[in-house]
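A quick write-up on the structure given underneath.
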Amino acid sequence: MERITIPYAVADFIDLRERKFYYVDKTSFIPGLENYNAPVFLRPRRFGKSLLVSTLACYYDRTKADRFEELFGGTWIGEHPTEEHSRYMIVRYDFSAMAMADDMEGLERNFNRLNCSPVEIMVTHNRDLFQDFQFTTKGNASQMLEEALGYAREHDLPKVYILIDEYDNFTNQLLTAYKDPLYEQVTTKDSFLRTFFKVIKKGIGEGSIRTCFCTGVLPVTMDDLTSGYNIAEILTLQPRFLNMLGFTYEEANAYLRYVIDKYGMGQDSFEELWQLIVNNYDGYRFRPGAEPLFNSTILTYFFKNFAALNGFIPSELVDENLRTDISWIRRLTLSMENAKEMLDALVINDELSYNIADLSSKFNKKKFFDKNFYPVSLFYLGMTTLRNNYRMVLPNLTMRSIYMDYYNEMNHIEGGAPRYVPTYERFTEDRRFEPLVQNYFEQYLGQFPAQVFDKINENFIRCSFFELCSRYLSSYYTFAIEQNNSAGRSDFEMTGIPGTDYYKDDRIVEFKYFKAKEAEHMLALNDPRPEDVAQVRAYAKDTKLKFPIIISSNDRSSVLQVIYILKVKLSVFTPIQKISKHLSSLIAALMALGVSSCVSLF
């Protein structure tokens with residue numbers, strides 16, 4: 001097998017270029033950054049911040065001037081270089097590598113252990129300029145940086161370009177570990193961190209530092225540093241830089257075609273794969289009305305696994321690194337009651353309202369943990385995204401899956417395999433969808449207390465049914481919720497994965513909501529309503545147009561099954577066993593409405 005050129009977990013620009021990995025060119029944003037001396041750019045985890053830092057380091061490093069064409073040839077900036085390229089001495093810090101400690105002494109010790117070497121490396125790489133310079137004090141990162149800057153200024157050396165990757169990583173760890181007093185010590189008075197940023201601020205003011213570019217996740221630490229670094233300009237929400245990280249539709253489209261050409265089975269599979277990645281990795285908007293973006297690192301994770309499987313869709317679509325972000329929800333909400341309230345809003349109502357004025361570039365720790373500020377806090381963490389000027393939503397199926405896991409955990413919903421495996425195992429053999437619906441109702445919804453049904457709505461059914469199906473069928477099908485069709489938005493679709501026996505097996509599910517007072521009438525129906533059948537058939541027609549079925553003499557006869565489900569809001573006094581028994585009889589009365597479709601009533 002030829003070498004895979006999908007750069008998952010490759011954050012070194014030189015390594016990426018030397019080994020000829022696929023590169024989504026973001027260098028056109030470099031000229032814009034030159035308008036700032038202390039820019040800060042924030043994005044959620046897994047959005048490619050470290051590769052951007054590495055790219056800037058290579059572009060401005062005077063010691064790599066002889067490699068400029070090798071490294072940047074064929075890129076936008078290679079064809080449109082600025083006057084500042086290859087002019088500066090680079091100091092590159094990575095705060096994500098810092099080890100934690102339980103007190104200030106330990107944190108300061110670990111900070112210095114990590115951050116003394118970047119200055120030493122800068123001096124070593126530029127020894128032709130520093131001549132016989134030696135540090136008089138070692139072991140203190142701030143003093144060593146100040147000493148090197150002083151020598152550079154005294155001897156009129158080129159300016160220093162400082163890069164700090166994940167500037168808030170270790171302070172965020174303090175917050176998630178509930179070490180708030182220690183966090184406050186780190187960000188106030190004359191702490192080692194404030195002293196460090198004061199040195200940088202002084203260097204920019206005196207002209208020995210050209211730029212200090214910081215990446216991170218939250219503006220909280222930057223705001224809490226206050227006067228220690230009040231020159232920072234946070235570019236996160238500026239329209240010009242919105243697409244600097246993450247992949248646009250155009251970039252993701254080109255990337256997918258490259259992956260299919262190199263590792264797939266032909267461009268005929270493009271539409272199916274495109275729909276899959278849009279549903280799972282797209283949807284991040286960092287400004288109201290902005291173009292939606294793909295999470296670049298997670299999309300690359302999928303492409304890398306797709307390539308490793310020789311063009312087959314991996315059964316696990318969620319990078320497990322994302323699931324660790326749930327610790328932020330626990331920390332943010334502070335109490336079980338708050339957590340359940342927030343989860344209800346996202347999983348049941350599918351949205352959180354927010355004040356657009358709060359979507360500011362800076363806010364401190366106190367505001368970050370304010371209950372009314374949760375939506376914005378989650379937005380910066382990448383756990384929600386902007387629907388419009390008033391509402392935030394979950395960006396994609398990946399985040400829906402993570403939230404549903406946590407929702408089930410918070411509500412003590414048992415997820416043991418014995419409840420579900422026999423039913424799903426039978427489905428893989430007989431493809432009968434109705435038992436999946438019945439199993440969902442009895443084994444999943446049946447665990448909720450009766451009063452919960454007052455809150456459960458159509459969106460909750462969509463999300464939880466998807467999570468359960470994807471848990472056991474992700475090796476055979478891909479899934480979509482509220483899929484856009486020319487006839488409208490279908491509630492739930494599952495599509496057989498190419499290369500499996502389930503390919504060409506497509507299911508469409510429509511959930512219908514009826515109030516409790518209509519329950520008796522709706523449950524008495526033996527046939528679905530004609531208008532609802534027509535709606536689902538319209539979705540099915542559109543799906544067939546998107547994924548045409550070509551049957552050869554050796555191919556099995558494929559059936560596009562359309563499932564119509566009525567979701568009735570149940571009275572809190574209605575015993576689940578009674579409803580389940582009645583539903584079983586309705587399922588048994590399934591009506592076949594044609595060769596290529598069937599409709600069932602639930």
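In this text, all values refer to a predicted model and were calculated from it rather than measured experimentally.
Between Tyr258 and Tyr263, the ring planes lie perpendicular to each other; the angle is over 60°, past the 30° to 60° tilted range. Using a 30° and 60° split on the angle between ring planes, Tyr440 and Phe465 fall in the perpendicular class, above 60°. Ring geometry for Tyr502 versus Tyr476: interplanar angle of 30 to 60°, hence tilted.
Judged by the 6.0 Å distance and 45° axis criteria, Arg257 is positioned over the aromatic ring of Phe270. A cation-pi geometry, defined here as NZ or CZ lying under 6.0 Å from the six-membered ring centre and within 45° of its normal, does not hold between Arg400 and Phe466. A cation-pi arrangement, defined by a distance under 6.0 Å to the six-membered ring centre and an angle within 45 degrees of its axis, is present between Arg3 and Phe21. Taking the ring centre of Tyr420 as origin, the terminal cationic atom of Arg471 falls inside the region bounded by 6.0 Å and 45° from the ring axis.
Inter-residue side-chain proximity for Val509 and Glu493 is flagged as unmet; no heavy-atom pair is nearer than 4.5 Å. Residues Leu359 and Leu386 are in side-chain contact: their nearest non-hydrogen atoms beyond the backbone lie under 4.5 Å apart. At a threshold of 4.5 Å between non-hydrogen side-chain atoms, the residues Asn243 and Glu291 count as touching.
No donor-acceptor contact under 3.5 angstrom links the side chains of Asn439 and Tyr424, judged on distance only.
For the ring-ring contact (aromatic ring centres under 6.0 Å, His included) with Phe294, the lone residue among Phe247, Tyr249, Tyr284 that qualifies is Tyr249.
Residue pairs that meet the salt bridge (charged side-chain N to carboxylate O under 4.0 Å, His left out) test with at least one member in residues 382-394, sequence neighbours left out, are Asp350-Arg387, Glu351-Arg387, Glu351-Arg391.
Here the CZ-CD distance, from Arg432 to Gln438, works out to 9.0 Å after rounding to the nearest 0.5 Å.
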